[in-house]
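Read through the structure below, which is laid out as structure tokens, and then see the notes.
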Amino acid sequence: MNKEPDCIFCSIIAGDIPSTEVATSEHAYAFRDLHPAAPSHIVVVPKRHHPNVNELSHTDPELTGHVVALAAEAATKDGLDADGWRLLTNTGEHAGQTVQHVHFHVLGGERLGPLNAPRN
Ligand code: AMP
Ligand code: ZN
């Protein structure tokens with residue numbers, strides 16, 4: 001794996017920073033968010049470092065599929081399928097991306113609010 005120095009998610013994948021596993025595969029890892037924004041809040045990452053979904057999807061579309069599939073598996077494991085769940089990824093400053101290792105959020109366990117307030 002191409003571990004990026006100073007990347008917190010690379011350190012989690014390497015086991016250097018503890019995390020709570022929800023699901024794992026050869027290519028991706030799903031773990032509990034440290035500051036959950038919903039009763040179930042799972043972070044899903046490719047094990048290989050990519051900065052964001054734009055770069056990931058262009059350089060490795062197959063891996064993009066693996067990560068989304070693990071997100072679905074993690075949601076199922078957390079019992080979210082009956083009532084539904086949300087998958088989202090933040091890219092760049094306007095979206096508020098704080099960790100520069102691409103990650104998808106799985107959110108569920110309660111009725112979720114709108115993504116954004118309507119603009120008009
Ligand atoms: P974003 O704001 O989309 O970049 O999401 C980054 C997410 O990573 C936030 O929801 C953080 O709570 C979460 N996070 C940061 N550090 C850790 C950690 N050590 N373990 C689990 N989740 C983390
Ligand atoms: Zn990384």
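For ligands, and for the atoms within them, numbers begin at 1 and follow the listed sequence.
Between the side chains of Asn52 and Thr91, no donor-acceptor pair is found at a separation under 3.5 Å.
The protein non-hydrogen atom at the shortest distance from atom 15 (C) of ligand 1 is Phe9 CE2, 4.3 Å. Here the heavy atom of the protein found nearest to atom 1 (P) of ligand 1 is His103 NE2, 3.1 Å. From the protein, the heavy atom lying nearest to atom 16 (N) of ligand 1 is Ile8 CD1, 3.8 Å. The nearest heavy-atom contact from the protein to atom 21 (C) of ligand 1 is Leu34 N, 3.3 Å.
Here the side chain of Lys47 pairs no donor or acceptor atom with the backbone of Ala14 at under 3.5 angstrom. A donor-acceptor pair is defined here as one N or O able to donate and one able to accept, closer than 3.5 Å; such a pair exists between the side chain of His101 and the backbone of Pro46. A donor-acceptor pair is defined here as one N or O able to donate and one able to accept, closer than 3.5 Å; no such pair exists between the side chain of Asp78 and the backbone of Leu80. Between the side chain of Gln97 and the backbone N or O of His94, no donor-acceptor pair lies under 3.5 Å.
Annotation: side chain of Phe104 is not in contact with side chain of Ile42 (no heavy-atom distance under 4.5 Å). The closest side-chain heavy-atom distance from Phe9 to Val43 is below 4.5 Å.
The ND1 atom of His49 and the SG atom of Cys7 meet at the Zn ion (ligand 2) at an angle of about 110°, given to 10°. Our summary of the site lists the angle at the Zn ion (ligand 2) between SG of Cys10 and ND1 of His101 as 110°, to the nearest 10 degrees.
Residue contacts with ligand 1 include Gly96, since one of its heavy atoms falls under 4.0 Å from the ligand. Under a 4.0 angstrom heavy-atom cut-off, Ile12 registers as being in contact with ligand 1.
Distances from atom 2 (O) of ligand 1 to the heavy atoms of Ile42, Val99, Val102, Thr98 put Thr98 nearest. Counting heavy atoms only, Asp33 comes closest to atom 12 (O) of ligand 1 of the residues Thr91, Asp33, Leu107, Thr89.
Per-residue contacts place Arg32 under 4.0 angstrom from the following atoms of ligand 1 (heavy atoms of the residue considered): 21 (C). Residue Phe31 approaches ligand 1 through these ligand atoms, each under 4.0 Å from one of its heavy atoms: 21 (C), 22 (N).
Classification of the His27-His66 ring pair by plane angle, with boundaries at 30° and 60°, yields tilted. Between His103 and His105, the ring planes are perpendicular. Angles over 60° get that label, and only those under 30° would be called parallel.
Proximity of His105 to ligand 1, defined as any heavy-atom pair under 4.0 Å, is confined to the side chain (atoms from C-beta onward).
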